[in-house]
Amino acid sequence: MKILKKIQPYLGWATLLSLAVGAWFVYSAPADFQQGGAVRILYIHVPSAKLALLSYLFLTIASILYLWKRSETADILAEAAASVGAAFTVITLASGSIWGKPMWGTWWAWDARLTSMLVLLILFKGLMVLRHSLDDPIKGARATAILALIGAVDLPIIHYSVVWWRTLHQPPSLAAGSNAAVHISGPLLPPLLILSGAFILLGLYMVTVKARQIEAHRRLDALESARMHHDE
Amino acid sequence: MKTAPNKRIFLIVTLLVVGGALAALVLSSFTGALVYFHTPTEAVAKGHELDRKKIRIGGMVQAGSLVRESGSLKIRFLVTDGKEQIPVRYEGMVPDLFREGQGVVVEGTWNSGQEFQADTILAKHSEDYVPVEMSEQGIAKSKESLMKSLK
């Protein structure tokens, strides 16, 4: 946890700087040939979605470490990642909806991508609630970690949903691997790459702040219960 | 410390909602319920099986097929996947991205061999993002991507 305290200011400044650079690129990006200015919603939507999925990946790894090594730090990081992931899942769904209404003609469609992303939000929220639904914090942490591992099945479903099934949501514009392709042309691409990086920094910064807050909270709770014990 | 009753209800509800959502998603992954629309070729092949059911058909708005009835919001057009085409009738507002040569998903009822009665029209955007100065390339690219996704 000490290292988090050390890196927090550096992460904070790096995030702020990269967001500012990204914002300038978004401002100067041209209009899309079909969507016009609404294409800029992409620059919030895609980085948020990437960050939401990465948060869950991070949470899954932290949960494995917690169950395996019983490391409290891993548990704290998993708890922090759940809040950050939930926030960015909400931003992804909201920004997608705002784009979808004028472009698709609907706020919401029950296609595979949107549905599996909604399940991700339910998962994040469920993990947050489950942790505090058990009186014993250790039991709560273990149950949360186990549910997190089960829920990880949603990650490949979200990622491949637009490839495996016919969806209203478009397939990936940036594909890696065997059928690598870039479907974003010219000056529309740099803002997306810069903001994807900036959002990852932002996510790391938020997890750092949240994890330190959770640790402080747990220590206070421990002190309080020790004092109550002493008073009896 | 004993578990407060409302805390236990909270726990059960959480597990039910999360477990239910996950199970529903995984199950529907295998049954094909996650396929959002039929292509015209599939719909024609199914024939009368789809009659009187609420269905979605997706494809491209055939270039040159769009007819607007003057003085009303009524439109007619053909949805195609390159092999089969289905005539569609619709009345109402259409989304910004709805246009000839672009992707569309129509929702409504269809009796095999007749016109599709759409009550909702959704534009299907392709994965291509192209600056407005390169519109020509953009139109070609998005057509190609759309046809690929219909296979």
Side-chain angles (χ1 to χ4, degrees), chain A residues 29-36 38-39 42 99-106 109-113 115-116 118-119 122-123 125-127 129-130 132-136 143 147 150-151 153-154 157 161-162 164-175 181 183-189 192, chain B residues 1-4 7-15 17-22 24-26 28-29 32-39 56 58 93-99 102-103 105 120-139 141-142 145 148-150:
Chain A
D32 177 76
F33 79 116
Q34 287 194 315
Q35 307 163 56
V39 68
L42 170 86
W99 181 88
K101 183 61 186 168
M103 295 299 144
W104 285 343
T106 184
W110 290 102
D111 83 343
R113 173 55 72 81
T115 308
S116 55
L118 182 65
V119 170
I122 295 171
L123 268 171
K125 283 308 210 182
L127 292 172
V129 174
L130 178 62
H132 299 289
S133 308
L134 292 163
D135 286 324
D136 180 356
L147 182 64
I150 298 169
V153 70
D154 195 25
I157 296 183
S161 54
V162 290
W164 287 344
W165 303 288
R166 246 179 261 131
T167 51
L168 183 61
H169 193 286
Q170 52 269 38
S173 294
L174 300 173
H183 291 272
I184 303 178
S185 307
L188 284 171
L189 185 59
L192 184 62
Chain B
M1 271 200 290
K2 64 176 195 296
T3 306
K7 223 175 181 185
R8 180 166 292 167
I9 291 166
F10 227 54
L11 175 65
I12 293 167
V13 170
T14 307
L15 288 176
V17 169
V18 176
L22 263 182
L25 184 69
V26 171
S28 53
S29 303
L34 285 177
V35 174
Y36 195 66
F37 57 85
H38 303 282
T39 62
R56 295 191 199 97
M93 300 285 286
V94 293
D96 283 7
L97 292 185
F98 174 80
R99 56 193 78 162
Q102 297 294 321
V105 175
T120 307
I121 284 188
L122 303 172
K124 178 155 170 53
H125 185 249
S126 84
E127 60 269 43
D128 299 284
Y129 296 82
V130 177
V132 70
E133 301 82 36
M134 298 159 63
S135 291
E136 297 281 311
Q137 280 158 274
I139 290 165
K141 267 189 182 178
S142 61
S145 302
K148 212 185 277 173
S149 76
L150 290 174

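To find a chain, count down the sequence lines: A is the first, B the second, and so on, and within it residues start at 1.
Between chain B and the options A:G100, A:P30, A:S173, A:G151, heavy-atom pairs under 4.5 Å are most frequent for A:S173. Looking only at heavy-atom pairs under 4.5 Å with chain A, the residue among B:T39, B:V94, B:T120 that has the most is B:T39. The candidate with the highest count of non-hydrogen atom pairs below 4.5 Å against chain B, out of A:P172, A:P102, A:G36, A:S161, is A:P102. Chain A forms more heavy-atom pairs under 4.5 Å with one residue of B:I121, B:V35, B:V105 than with any other, namely B:V35. The choice from B:H125, B:M93, B:Q102, B:E133 that makes the most heavy-atom pairs within less than 4.5 Å of chain A is B:H125. For the options A:L42, A:D154, A:L127, A:L174, heavy-atom pairs under 4.5 Å to chain B are most numerous at A:L42. Counting heavy-atom pairs under 4.5 Å between each of A:G186, A:A38, A:A109 and chain B puts A:A109 at the top. Of the listed residues A:G105, A:S116, A:G126, A:P171, the one with more heavy-atom pairs under 4.5 angstrom with chain B than any other is A:P171.
Partners of B:H38 under the side-chain hydrogen bond (donor to acceptor under 3.5 Å, both in side chains) rule, at least two apart in sequence or in another chain, do not exist in this structure.
Proximity of B:L25 to A:I157: side-chain heavy atoms (C-beta onward) are separated by under 4.5 Å at one or more points. Side chains of A:F33 and B:K141 form no contact here, defined as non-hydrogen atoms less than 4.5 Å apart. Between A:V162 and B:E127 there is no side-chain heavy-atom pair separated by less than 4.5 Å. By the 4.5 Å heavy-atom criterion applied to side chains, B:S145 and A:H183 are counted as neighbours. Within the 4.5 Å cutoff, the side chain of A:L130 has heavy atoms near those of the B:L11 side chain.
When all heavy atoms are compared, the tightest approach of B:P131 to A:S185 is CD-O, 3.5 Å. Nearest approach of B:V130 to A:D32, heavy atoms of both residues: N-OD1, 2.9 Å. Across every non-hydrogen atom of B:Y36 and A:T167, the tightest pair is CB-CA, 4.0 Å.
In this structure, A:W165 CH2 and B:S28 OG are separated by 7.5 Å, a value rounded to the nearest 0.5 Å. Atom CG of residue B:L34 and atom CZ of residue A:R113 lie 12.5 Å apart, to the nearest 0.5 angstrom. Note that NZ of B:K124 is 9.0 Å distant from NE2 of A:H169, once rounded to the nearest 0.5 Å. The distance from the CZ atom of B:R56 to the CZ atom of A:R166 is 12.5 Å, given to the nearest 0.5 Å. Atom CZ of B:F10 is separated from atom NE2 of A:H132 by 11.5 Å, given to the nearest 0.5 angstrom.
With a 4.5 Å cut-off on non-hydrogen atoms, A:W164 does not touch chain B at all. At a 4.5 Å heavy-atom cutoff, the contact between A:L168 and chain B is made by backbone and side-chain atoms alike. Heavy atoms of B:T14 lying under 4.5 Å from chain A belong exclusively to its side chain. With a 4.5 Å cut-off on non-hydrogen atoms, A:L189 does not touch chain B at all. With a 4.5 angstrom heavy-atom cutoff, A:A29 does not touch chain B via any of its atoms.
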